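Okay, structure first, notes after.
In the text below, chain A, chain B and the rest are named by the order of the sequence lines, each starting its count at 1. Just so we're clear, the structure is a prediction, and the values are computed from it rather than from any experiment.
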2 protein chains.
Amino acid sequence: MTMLEQKHLALLDEVQRRKQPEAGSIQLCFELLGLASAIDRDCAARLAPYRLSEGKFVLLFLLHDQAGGLSPHELAERAGVTRATITGLLDGLERDGFLARHDDREDRRKVVVRLTAKGLSTAGELFREHTQWIGSLFAGLDAEERQVLSQLLRRVWQNTDAAANAAAADTTVGRPS
Amino acid sequence: MTMLEQKHLALLDEVQRRKQPEAGSIQLCFELLGLASAIDRDCAARLAPYRLSEGKFVLLFLLHDQAGGLSPHELAERAGVTRATITGLLDGLERDGFLARHDDREDRRKVVVRLTAKGLSTAGELFREHTQWIGSLFAGLDAEERQVLSQLLRRVWQNTDAAANAAAADTTVGRPS
DNA sequence: GACCCGTAATTAGGCGCCATACTATATGCC
DNA sequence: GGCATATAGTATGGCGCCTAATTACGGGTC
């Protein structure tokens with residue numbers, strides 16, 4: 001069994017047929033992407049019975065220890081998505097009874113989002129399940145192997161645009177590395 | 001700079017605060033997912049100037065050496081998405097002049113999709129660019145390191161549902177592993 | 001108090017993906 | 001021939017994400 005995705009097979013075939021020197025890198029890249037997709041799919045499948053998506057789960061988690069609630073704005077910042085996206089996720093979560101929106105009495109532009117009892121218990125339950133599941137994915141690797149994997153991933157990440165942009169920001173604000 | 005995504009930071013913080021034993025695995029998992037997302041984002045950014053998405057690029061590639069064209073059905077199979085998804089992608093690609101739909105004279109249910117000249121040249125150009133770019137991501141790793149990374153990824157993949165399902169299918173059809 | 005500007009949240013519209021339901025055509029069986 | 005069934009493609013509606021536009025409110029300035 002291959003861990004590659006269907007869409008990548010044709011690409012890889014062609015690269016290998018042409019005997020291009022990048023073939024090894026490309027297969028490796030597709031293995032990495034395929035594994036990440038498989039993990040995302042598993043995650044979605046685990047959350048689906050609760051009528052939750054990964055994005056919604058993150059909101060539940062962000063709210064689980066905030067007795068005073070959070071505003072959509074804060075949720076957007078901490079989840080790393082736009083406020084517009086938060087609006088849509090909150091709509092679904094409110095519809096399904098996981099949380100409620102309340103008016104902020106001090107600043108009438110604001111909304112305060114708080115979990116319901118259902119939301120709170122679901123968040124706790126899922127948090128435990130979720131961490132155990134992820135732990136089980138990497139259960140086969142010992143501490144040293146995990147360290148090696150982390151280092152290799154980090155070195156690849158250095159070549160992405162995200163890293164390049166971070167480095168550029170670094171040189172303009174602080175010192176060049 | 002961290003390669004973790006915003007949404008993962010809060011989760012990871014909480015796990016570490018609770019000193020759960022899975023903390024190392026979870027950080028590693030999030031590094032893996034973050035790298036994959038960074039690669040996907042870079043890919044999307046590279047294709048955006050052409051008004052293409054990754055899904056559309058795959059279709060262009062699948063068609064680039066098919067002088068006789070392919071049907072939406074075949075495209076769906078080879079790309080690993082549903083026919084409905086193909087319809088949407090084709091709509092966009094046809095609108096932007098990369099390809100055209102023709103009626104099949106032999107089977108009037110069928111449609112034959114063929115690249116235009118523009119589609120053909122774009123596909124060729126992008127295929128070269130794309131493979132070089134992926135090669136550059138992994139340029140920092142030598143053959144042995146790539147091998148190690150591949151093996152580690154594969155061992156993690158063994159613990160996903162995809163692998164479990166593949167194994168189950170195996171035992172029903174052929175011999176247990 | 002009227003004005004401008006910034007901020008909070010939402011709406012509107014787009015994209016890519018999905019599952020489901022529908023239409024048209026082909027094909028096998030009686 | 002006539003009908004059931006399968007297949008090809010599409011339409012519809014949902015989700016998560018985005019950007020841009022809109023609406024409501026707050027706070028400063030004159």
Base, sugar-phosphate or nothing for B:Arg51? Non-hydrogen atoms, less than 4.0 Å. nothing
How is A:Asp107 classified with respect to the nucleic acid when contacts are heavy atoms under 4.0 Å: base, sugar-phosphate, or nothing? sugar-phosphate
Residue B:Ala84, side-chain heavy atoms: nucleotide from C:dC17, C:dA19, C:dT10 that is nearest: C:dA19
Yes or no on side-chain contact (heavy atoms from CB on, under 4.5 Å) for B:Leu32 and B:Leu28, after CA distance, side-chain angles and deciding distance? CA-CA 6 Å; B:Leu32 175 68; B:Leu28 187 49; 6.0 Å; no
Whole-Å gap separating P (C:dA24) and NE2 (B:His73): 21 Å
Beyond-backbone contact of A:Thr131 with B:Gln20, side-chain heavy atoms, under 4.5 angstrom: yes
Can you see if the side chain of B:Ser53 gets near the phosphate of C:dC15 - specifically, an N or O under 4.0 Å from OP1 or OP2? no
Map A:Arg108 and B:Asp91 onto DNA chain D by nearest heavy atom, then report which one ends up closer to the 5' terminus. B:Asp91
Under 6.0 Å between ring centres: does that hold for B:Phe127 and B:His130? no
Parallel, tilted or perpendicular, as decided by the 30° and 60° cut-offs, for the rings of B:Phe61 and B:Phe57: tilted
Output yes when at least one side-chain N/O atom of B:Arg83 is less than 4.0 Å from OP1 or OP2 of C:dA21, else no. no
Is it true that B:Arg41 and B:Glu5 have a side-chain N and a carboxylate O under 4.0 angstrom from each other? yes
Hey, does the side chain of B:Lys110 come within less than 4.0 Å of C:dT25's phosphate (OP1/OP2), counting only N and O? no
Write down the distance between CG (B:Leu93) and P (C:dC17), rounded to a whole number of angstrom. 11 Å
By nearest heavy atom, map A:Leu52 and A:Glu106 onto DNA chain D; which one lands nearer the 5' end? A:Leu52
Pair A:Glu31 + B:Arg146, salt bridge at N-O below 4.0 Å: no
Can you check the B:Asp103 CG to C:dT25 P distance for me, whole Å? 11 Å
B:Leu11 versus B:Ile26: any side-chain heavy-atom pair under 4.5 Å? no
For a quick check of understanding: with a heavy-atom distance under 4.0 Å over all strands, which category does A:Ile86 fall into, base, sugar-phosphate or nothing? nothing
Just the rounded figure in Å: distance from C1' of C:dA9 to CG of A:Leu75. 12 Å
Earlier contact from the 5' end, DNA chain C, for B:Glu54 and A:Leu90: A:Leu90
So which nucleotide from C:dT10, C:dC15, C:dA8 ends up closest to the side chain of B:Arg95? C:dC15
Exercise: identify the closest heavy-atom pair between B:Arg46 and B:Pro49: O-CD, 3.3 Å
Figure out the CD/P separation between A:Glu94 and C:dA9, and round it to whole Å. 14 Å
If I take atom CZ in residue A:Arg41 and atom P in nucleotide C:dC18, what distance separates them, rounded to the nearest angstrom? 10 Å
Using heavy-atom distances to pick each residue's nearest nucleotide on DNA chain C, tell me which of B:Gly92 and B:Thr82 is more 5'. B:Gly92
In whole angstroms, how far is the P atom of C:dG16 from the CG atom of B:Leu59? 10 Å
Taking the side chain of A:Thr87 as its heavy atoms from C-beta onward, which of C:dG16, C:dA8, C:dT11 lies nearest to it? C:dT11
Covered region of DNA chain D, 5' end to 3' end, by chain B [heavy atoms, under 4.0 Å]: D:dA6 to D:dA11
